[in-house]
Number of protein chains: 2
Amino acid sequence: MIIGEAAAASGISQKMIRHYESIGLLHPARRENGYRSYGDADVAVLRFIRHARDLGFPLEDVRRLLALWRDHSRASADVRRIALDHVAALEEKARSLQAMAASLRHLAAHCQGDARPDCPIIDELANPEPEGTQR
Amino acid sequence: MIIGEAAAASGISQKMIRHYESIGLLHPARRENGYRSYGDADVAVLRFIRHARDLGFPLEDVRRLLALWRDHSRASADVRRIALDHVAALEEKARSLQAMAASLRHLAAHCQGDARPDCPIIDELANPEPEGTQR
DNA sequence: CTTGACCTTCCCATGATGGGAGACCCCACA
DNA sequence: TGTGGGGTCTCCCATCATGGGAAGGTCAAG
């Protein structure tokens with residue numbers, strides 16, 4: 001397979017496939033003409049990467065997960081720890097975004113949203129109340 | 001005020017203050033010696049930026065909000081629209097992160113997390129079930 | 001043998017932030 | 001008056017994941 005086919009087969013762009021190679025996540029063979037050559041194992045790695053990325057794992061985690069995947073004597077505890085650490089990070093981030101959304105929703109609820117200039121949202125940004133919703 | 005004092009007064013790093021200036025969010029005066037000079041109005045702008053950033057607004061939104069803040073004939077509807085669009089973006093992002101966390105938590109719940117290699121998390125990454133939790 | 005579709009490498013951009021180098025400035029203290 | 005330490009200036013580079021685009025090589029079909 002050449003890179004375009006590998007991209008179609010894995011759902012990863014050619015750009016990113018080359019990038020993943022450049023950071024050492026995979027090592028496709030080369031043809032005589034310089035083209036990269038992907039086998040089924042390479043595509044499996046690319047798919048693995050994609051699924052990990054879909055779950056929000058940063059590439060450094062993906063690197064560790066790939067190493068564990070290849071290591072048949074791995075301890076599932078190691079995989080689990082990476083996963084649960086990531087879950088904690090995801091949930092913290094989600095909470096943070098939700099808190100922002102809630103604060104803003106609260107402010108927007110008190111904004112008339114008409115042609116007049118008075119607006120508690122702008123007021124809060126300019127001059128936040130020390131009390132009220134914590135951030 | 002010189003930049004260090006403005007940074008302390010606004011809670012924004014010197015680096016970022018210079019950056020915000022470079023993208024046109026504020027225009028501090030210059031002293032004879034080339035040092036930037038910040039007045040109370042500048043610090044108020046910096047504070048405004050910080051509060052907007054704390055609420056997750058991207059700098060492009062901050063730019064618009066600043067323009068509306070300065071425009072005393074603004075329509076509060078314009079502010080509100082920016083805010084609610086941002087709330088929608090925040091909530092969508094939060095939902096996305098939570099979905100990832102939930103999927104991973106589900107996988108981790110079925111992982112022994114011991115010294116043995118068997119691990120549904122790795123299995124799923126390598127070979128995702130077409131059925132099961134949607135992503 | 002040309003044309004078009006593919007591949008290669010290299011540079012640049014995003015968004016928000018920080019690190020660090022090298023040069024300049026200023027004030028206080030000896 | 002000199003010097004040391006702390007401020008500031010600009011400029012370049014890095015992060016993280018991704019993409020755009022240019023300039024040039026390769027291949028297969030017409």
Side-chain angles (χ1 to χ4, degrees), chain A residues 1-39 42-43 45-46 48-66 85-86 89-90 92-93 96-97 100, chain B residues 1-38 42 45-46 48-66 82 85-86 89-90 93 96-97 100:
Chain A
M1 257 186 270
I2 60 182
I3 197 170
E5 295 164 326
S10 66
I12 296 184
S13 71
Q14 302 185 20
K15 279 278 180 187
M16 290 317 297
I17 294 178
R18 291 195 196 96
H19 178 60
Y20 293 156
E21 176 185 350
S22 80
I23 63 173
L25 298 190
L26 73 164
H27 306 281
R30 291 286 181 141
R31 306 208 167 155
E32 301 236 333
N33 60 14
Y35 287 18
R36 289 171 179 81
S37 178
Y38 300 84
D42 295 310
V43 172
V45 168
L46 289 171
F48 185 101
I49 295 172
R50 183 162 72 83
H51 301 313
R53 294 288 304 134
D54 284 348
L55 287 169
F57 284 105
L59 289 178
E60 262 323 296
D61 283 5
V62 175
R63 182 194 306 279
R64 290 192 209 106
L65 291 168
L66 272 173
D85 285 355
H86 179 51
L90 287 170
E92 187 180 331
K93 184 73 182 169
S96 160
L97 297 181
M100 293 176 191
Chain B
M1 257 188 273
I2 60 180
I3 197 169
E5 296 164 327
S10 66
I12 296 184
S13 72
Q14 301 185 22
K15 279 278 179 184
M16 291 317 297
I17 293 178
R18 293 193 195 97
H19 179 60
Y20 294 157
E21 177 185 351
S22 81
I23 64 172
L25 297 190
L26 74 164
H27 307 281
R30 291 285 182 143
R31 306 206 167 156
E32 301 238 331
N33 60 14
Y35 285 19
R36 291 168 178 82
S37 179
Y38 299 85
D42 294 310
V45 168
L46 290 171
F48 185 102
I49 295 173
R50 183 161 72 84
H51 301 312
R53 294 287 304 132
D54 284 347
L55 287 169
F57 284 105
L59 288 178
E60 264 321 299
D61 283 5
V62 175
R63 183 194 305 279
R64 290 192 210 106
L65 290 168
L66 272 173
I82 293 175
D85 285 357
H86 180 51
L90 286 170
K93 184 73 182 167
S96 159
L97 297 181
M100 293 176 190

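Letters A, B, ... mirror the listed sequences (proteins, then strands); counts begin at 1.
- Summarising the geometry, the separation between CG on A:Asp61 and C1' on D:dC16 is reported as 13 Å, rounded to the nearest angstrom.
- Atom-to-atom, OH of B:Tyr35 to C1' of C:dC26 comes out at 6 Å; the value is rounded to the nearest Å.
- What you find for A:Leu90 and B:Met100 is that their closest heavy atoms are CD1-CB, 3.7 Å.
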Original post:
Which nucleotides of nucleotides 10-23 of chain C have their base under 4.0 Å from a protein heavy atom (B), which only their sugar-phosphate (S), and which neither (-), written as one string 5' to 3'?
Top reply: B-----SBSBB---
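- A:Glu92 contributes no side-chain N or O that, together with a main-chain N or O of A:Ala89, makes up a donor-acceptor pair within less than 3.5 Å.
- Between the CD atom in B:Gln14 and the CD1 atom in B:Ile2 there is a gap of 8.0 Å [rounded to 0.5 Å].
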Distance-only donor-acceptor hits, side chain of residues 19-32 of chain B, under 3.5 Å, sequence neighbours excluded:
residue : atom : partner : partner atom : Å
B:Glu21 : OE1  : B:Arg36 : NE           : 2.5
B:Ser22 : OG   : B:His19 : O            : 2.7
B:Arg30 : NH1  : B:Gly34 : O            : 2.9

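- Between A:Ala7 and A:Ser13, the shortest heavy-atom contact is CB-C, 4.3 Å.
- At a threshold of 4.0 angstrom between heavy atoms, the contacts of A:Arg36 are confined to the sugar-phosphate backbone, with no base atom among them.
- If you measure from atom CZ of B:Arg18 to atom P of D:dC11, you get 12 Å, rounded to the nearest angstrom.
- From one end of the helix from C:dC1-D:dG30 to C:dA30-D:dT1 to the other, with five pairs defining each end axis, the axis direction shifts by 40° (rounded to 10°).
- At whole-Å resolution of the value, CD1 in B:Ile2 and P in C:dC25 are 15 Å apart.
- Smallest separation of non-hydrogen atoms from A:Leu66 and A:Phe48: CD2-CD2, 3.6 Å.
- Contact annotation for B:Arg31: no contact, since no heavy-atom pair falls under 4.0 Å across all strands.
- Look at CD1 on A:Ile17: it is 14 Å from C1' on D:dG19, rounded to the nearest Å.
- In this structure, B:Glu32 places its CD atom 15 Å from P of D:dC9, rounding to the nearest Å.
- For the pair B:Met1 CE and D:dG7 C1', the computed distance is 16 Å after rounding to whole Å.
- Scanning both residues, B:Leu46 and B:Ala6, for their nearest heavy atoms gives CD1-CB, 4.3 Å.
- The side chain of B:Asn33 has C:dC25 as its nearest neighbour among D:dT10, C:dC25, D:dT26.
- Taking both residues in full, the closest heavy atoms of B:Arg50 and B:Ser10 are given as NE-O, 2.7 Å, listed atom of the first, atom of the second, then distance.
- As a whole-Å value, the separation of B:Gln14 CD from D:dG6 C1' is 11 Å.
- Formation of a donor-acceptor pair under 3.5 Å by the A:His86 side chain with backbone atoms of A:Asp61 is not found in this model.
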